[in-house]
Each structure stands twice: as structure tokens, then as C-alpha cells.
Amino acid sequence: MLLWDVTNYRTVAHYAYSMLHHLHNPDSFSWGCVIRFLSQKGLFTEAVSLYVEMSRMRLYPTSHAISSALKSCARIQNVLGGVSIHGQVHVFGFDTCVYVQTALLDLYSKMGDMRTARHVFDEMAERSVVSWNSLLSGYLKAGNLDEAQDFFGQIPNKDVISWNSMVSGYAKAGNMDQACTLFQLMPERNLTSWNAMITGFIDCGSIVSARELFDSMSRRNCVSWITMIAGYSKGGDVDSARKLFDQMDHKDLLSYNAMIACCAQNSKPKEALELFNDMLKPNIYIHPDKMTFASVISACSQLGDLEHWSWIESRMNDFGIVLDDHLATALIDLYAKCGSIGMAYELFHSLRKRDLVAYSAMIYGCGINGKASDAIKLFEQMLAECIIPNLVTYTGLLTAYNHAGLVEKGYQCFNSMKNYGLVPSIDHYGIMVDLLGRAGYLDEAYKLITNMPMQPNAGVWGALLLACRLHNNVDLGEIAVQHCIKLESDTTGYCSLLSSIYATVGKWDDSKKMRTGVEAKEIIRVPGCSWTTNLTSP
DNA sequence: CATCCCCATC
């Protein structure tokens with residue numbers, strides 16, 4: 001009973017564990033209670049390992065223990081554990097227990113093995129609506145909408161969860177018309193039904209419809225708020241996300257994680273760190289988890305100095321957060337962006353499994369640190385491991401070619417993106433313009449800009465302007481600066497650049513005109529490329 | 001008293 005009051009999950013597991021071992025001879029009923037308790041608290045790994053320990057003692061598991069253990073295996077995708085418990089289900093004679101059989105079919109349904117799930121379902125002597133719902137969610141997850149619809153029609157006593165599954169299935173498939181129809185038809189709706197509709201609208205890009213639905217709700221829970229915040233985050237609308245977040249009455253861990261991630265993903269690293277600071281204040285105090293730190297590390301890497309990180313690192317130690325591959329990958333990015341390429345490499349080699357994100361972070365790190373040949377080597381290694389590159393990988397690779405001044409290779413690389421079905425983003429164009437321009441191919445760079453499939457931004461024009469300054473090209477410089485001024489409110493840097501071009505080619509009057517009221521020093525940044533350049537007027 | 005639906009990761 002004391003257990004339910006403990007909010008720190010690690011402590012909960014510890015308590016449960018020690019209580020069990022304080023009993024002289026815990027019977028299988030006690031074991032079952034603790035396993036069920038852990039599973040309900042979301043401590044699935046702990047629940048499974050406790051079940052394994054109980055099995056080793058040759059205790060006869062209760063139906064509670066076995067169904068909770070199966071649920072835990074399903075949640076953490078523990079195939080091996082799930083299948084071995086399946087074997088025990090027969091051994092201990094739970095073939096007719098509806099709870100155990102349902103947990104079993106749900107396990108296979110969650111693993112995506114619909115044949116076995118269906119087999120378990122067909123063999124069941126007794127089925128509850130939960131059994132039907134488990135199989136239904138499996139069909140929906142597999143994208144089998146027709147089969148799901150058909151199966152849904154056969155459910156004898158549909159409850160709100162059956163309806164919710166169908167609504168969310170159609171919403172996830174992008175079929176909002178059908179989702180709306182079902183939502184209208186539902187005999188009763190709970191918060192999950194409304195939240196599924198919000199998710200659907202956001203996924204198909206209708207944030208306005210999502211907000212209308214959200215505003216029309218008479219009651220909302222954390223999931224409703226978090227879904228909206230994440231939706232605004234995806235659309236880059238940090239202000240709207242923050243407004244909602246500030247209106248929340250009871251902010252939990254996930255709300256903070258969503259808002260911190262929103263800031264970290266939308267280039268607001270300072271705000272992300274401020275929020276992290278807020279959640280640790282004694283009057284709020286919310287215990288951060290690995291996901292909090294994943295975003296916080298990303299925020300640190302955007303700030304580009306290791307000072308913030310050393311503070312974060314000690315907080316991580318305070319909370320007993322252990323580095324996993326995800327966090328280590330975020331750290332690789334941090335170290336690389338701060339110039340500690342050796343530390344980045346060390347972490348990279350310590351990873352259990354190097355995935356697309358890890359490779360991309362490392363390639364980018366080599367790129368911005370002038371290690372072009374390392375970046376290329378990593379890229380080839382990645383391809384050899386059959387990992388398909390994405391847009392981020394190419395940002396790193398093109399950055400590497402850019403730093404090395406390898407124009408031809410860089411151009412080939414840019415053109416090879418389509419071989420992987422990738423369409424270059426505006427950042428990739430920005431790097432290419434910079435690469436061509438620095439090498440003196442100003443006309444080619446200008447041609448690339450005019451042929452871009454999207455509207456060029458200030459970064460792209462800025463890169464051309466910078467190249468014009470390097471090679472003192474007045475005509476293109478004037479064009480570039482006009483576009484920059486149109487696109488950016490702070491234009492002092494652009495103007496001083498053009499002014500210095502005029503000065504170099506002897507157009508002193510024009511130079512003077514540009515320079516009036518202009519600060520001598522400015523920083524121009526090319527997006528997708530991490531270098532910054534200090535420029536001084538003559 | 002268990003089992004199913006909605007939210008967050010570089």
C-alpha cells in the first residue's frame with residue numbers, strides 16, 4: 001500500500017523487489033502481485049526479469065503473473081521472452097484462461113505476427129471484447145483496413161475501445177473522412193476518441209482543424225494538450241505550442257518533454273534549457289528521464305559550447321541516467337559541433353549498434369571539422385552496412401566536400417541524391433551555392449539558384465553574396481543583396497558586404513552609400529553548414 | 001483485481 005504512494009519509478013522497483021525478498025518464503029501469489037504491480041507502473045523490463053526469477057524457483061505462476069509478464073514482453077518487444085512464456089502457458093495449463101490467452105494473442109498482434117495471433121484467437125474457448133479488440137488493433141497496425149473493418153463488424157459487443165481503434169486506424173491511414181464518419185456514429189466517446197481525431201488532423205497537416213476540435217472539447221487530458229503541442233512543433237509554430245503549454249494546469253513529465261523537444265527541434269536551444277531548469281525547481285519538481293536529456297543535449301549542441309554540457313552531465317549523474325545508444329548519438333553530435341571530434345569518435349565506436357542517425361551525426365561532425373576523407377570513409381562504411389542515407393546524411397557529406405573545396409566531387413554527390421530517392425532541401429542548395437561560389441563558379445551558383453524548385457531563402461542568397469565578395473563580382477553581388485534585403489529584417493551584414501565589393505573594385509561612391517549607418521563587423525551564416533565567418537569592411 | 005484504444009526521442 002505504501003508502494004502506490006511512491007512516485008519515483010526506480011524506487012518503486014526497488015521497494016517491490018525488497019518487499020518480496022523480505023518475505024521468508026514468498027508464495028506464487030505474492031510474486032504474481034508484484035509482477036502485476038510492476039507491469040501496471042510501466043516497469044516492463046523489471047516485471048519480465050522478476051517473472052524469469054520466479055520461474056527459476058520452479059514456482060507455479062498465477063494467471064495474474066503470466067498475463068502481466070506477457071503484456072510486459074509485448075510492450076518492450078521481447079520476442080524471445082514472449083515465446084518462452086507461450087510455452088509455459090501450455091505446461092501450466094492456462095489454455096482456457098481468457099486473460100492469459102488474450103494477453104498471448106495481443107503479444108503476437110503487437111509483434112506483427114497476425115497469423116499466430118489469429119490462431120490463438122480461433123482456438124480460444126472463451127473470448128472477451130478485449131480479445132476481439134487486441135486482434136483488431138493488430139490488423140489496423142498492419143494497415144489492413146479492409147480486413148479490420150470486416151472484423152470490426154463481427155465484434156459482438158463493441159465497446160468504446162473497439163470504436164476508438166477503428167477511428168484511429170482510419171485517421172493514421174490519412175482517411176479523415178471515414179474517421180469523422182465513425183466518430184459521429186460512435187454510441188459513446190471518451191477522451192481517447194477525441195485525442196485520436198486530433199492526432200489524425202495533425203498527421204494530415206490540418207493543424208487548424210485539430211485546434212478547432214481541441215477547443216470544442218469540454219474536458220481535456222494531458223494527451224490532448226501534448227498532441228497539440230507536438231502538432232505545432234512539427235509545423236514550426238513554437239509560439240502557439242508555448243501558449244498552450246503555459247495554459248496547462250497540471251504539467252507532467254511528458255508535457256515538459258514535448259515542449260522541450262519543440263524548442264530543441266525549432267532552433268530555440270536557450271528556451272529548451274530554461275524549461276529544463278524550470279522543471280527541476282522545487283515548487284514544480286518533475287523527475288526528468290532519458291527523453292528529456294535527449295532534447296537537452298540537442299539544445300546544448302546547438303549552442304555549440306561544452307560549458308552547458310558539463311552542467312547537464314552532472315545533472316544526468318544526479319538522476320542516475322545511464323547513456324544508451326540514443327543519448328550517446330545525441331552526444332556525438334554535441335562533441336562534433338563543439339570541435340571535439342576525438343571524443344565524438346570515441347563515443348561512436350562505443351555504440352552497440354551504429355544506425356543511420358549515428359552515422360549521419362558522425363559524418364556531419366567530420367564535415368564541419370574539415371575531415372572530408374573521414375566523412376567519405378564513414379559514408380562508404382555506412383553503405384556497406386546496407387544503411388540507406390537520408391537528407392541529413394547528405395548535409396554532412398556535402399559540408400565535408402565544401403570544406404575540402406572539392407567542387408566536382410561535391411557536385412557529383414549532390415546529383416547522386418536522387419539515386420536514393422532524395423530531393424535536396426533548401427539547405428543542400430545553400431551548401432552547393434557556397435561550394436560553387438567559393439571556388440569562383442559564380443555563374444554556375446547563380447544558375448543553380450534560379451533553377452531551384454523552391455523559393456531561395458536568405459541563406460542561399462547570402463552564400464552567393466559572400467562568394468561575390470571573395471571574387472569581387474559587382475553584378476551578381478547587387479542581385480544577391482537585393483534578395484537578401486527582401487528576405488531578412490536585419491540587413492546590415494549584407495549591406496556591408498556589398499559595400500566592400502564596391503570598395504575593392506573602386507566604386508567609392510556606391511560603397512559609401514551602402515555603408516552609412518552600418519556596423520563594420522557582421523556574421524553571416526550559411527544554414528546546413530556550421531561555419532561562421534567574420535568579415536571586416538575595408 | 002489482469003488483457004485492448006490516444007501523447008514524447010537524434
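Note that the structure is a prediction, hence the values are computed from the model and not measured. Each chain gets a letter, A, B and so on, in the order its sequence line appears, and its residues count up from 1.
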Checklist entry - OP1, OP2 of B:dC5 versus side-chain N and O of A:Arg189: anything below 4.0 Å? => result no

Next on the checklist: Expressed as a whole number of angstroms, how long is the span from A:Arg75:CZ to B:dC4:C1'?
Outcome noted: 9 Å

Item to check | Separation of B:dT3 P from A:Leu107 CG (nearest whole Å) | outcome: 14 Å

Checklist entry - Does a side-chain N or O from A:Lys110 land closer than 4.0 Å to OP1 or OP2 of B:dC5, or not? => result yes

Checklist entry - Which nucleotide, B:dT3, B:dC5, B:dC6, lies nearest any side-chain atom of A:Ser128? => result B:dT3

Checklist entry - Quick one: does NZ or CZ of A:Lys251 land under 6.0 Å from the six-membered ring centre of A:Phe245, within 45 degrees of the ring axis? => result yes

Please list, for nucleotides 7-10 of chain B, all pairs of protein and nucleotide N/O atoms separated by less than 3.5 Å.
| residue | atom | partner | partner atom | Å |
| --- | --- | --- | --- | --- |
| B:dT9 | OP1 | A:Gln265 | NE2 | 3.4 |
| B:dC10 | OP1 | A:Ser295 | OG | 3.3 |
| B:dC10 | OP2 | A:Gln265 | NE2 | 2.5 |

Item to check | A:Phe183 and its ring pair (Phe, Tyr, Trp, His ring centres under 6.0 Å) partner, picked from A:Trp194, A:Trp163, A:Phe201 | outcome: A:Trp194

Checklist outcome for this item: note: A:Phe183, atom CZ; B:dC6, atom C1'; distance rounded to Å ~ 12 Å

Item to check | Euclidean distance, atom NZ of residue A:Lys141 to atom P of B:dC5 [Å, nearest integer] | outcome: 8 Å

Item to check | side-chain contact (heavy atoms from CB on, under 4.5 Å) between A:Lys337 and A:Asp305, intermediate numbers included | outcome: CA-CA 8 Å; A:Lys337 283 189 178 139; A:Asp305 70 283; over 6 Å; no

Item to check | Cationic tip of A:Arg127 above A:Phe121 ring, under 6.0 Å, 45° of axis | outcome: yes

Checklist entry - For A:Ile202 and B:dC6, what is the distance between atoms CD1 and P respectively, to the nearest whole Å? => result 15 Å

Item to check | Nearest-Å distance for atom pair CD/P, residues A:Gln101 and B:dC4 | outcome: 15 Å

Next on the checklist: Once side chain to side chain donor-acceptor pair (under 3.5 Å) is applied, do any residues pair with A:Asn190, and if so which ones, sequence neighbours excluded?
Outcome noted: A:Asn164, A:Ser193

Checklist entry - Quick one: the side chain of A:Ser63 and the base of B:dA2, do they pair up donor-acceptor inside 3.5 Å? => result yes

Next on the checklist: Using a 4.0 Å heavy-atom cut-off, does A:Ser68 contact any base of the nucleic acid, only the sugar-phosphate backbone, or nothing at all?
Outcome noted: nothing

Checklist entry - Between A:Lys290 and A:Asp324, is a salt bridge (Lys or Arg N to Asp or Glu O under 4.0 Å) present by the stated rule, with each step listed? => result CA-CA 9 Å; A:Lys290 288 191 176 186; A:Asp324 59 9; 3.7 Å; yes

Checklist outcome for this item: From CG of A:Leu136 across to P of B:dC5 the rounded distance in Å is 10 Å

Next on the checklist: Quick check for you: among B:dC4, B:dC5, B:dT3, whose closest atom lies nearest to any side-chain atom of A:Ser168?
Outcome noted: B:dC5

Item to check | Between B:dC4 (P) and A:Ile155 (CD1): distance, integer Å | outcome: 15 Å

Next on the checklist: If you take the centroid of each ring, where Trp contributes its six-membered ring, are A:Tyr108 and A:His86 closer together than 6.0 Å?
Outcome noted: yes

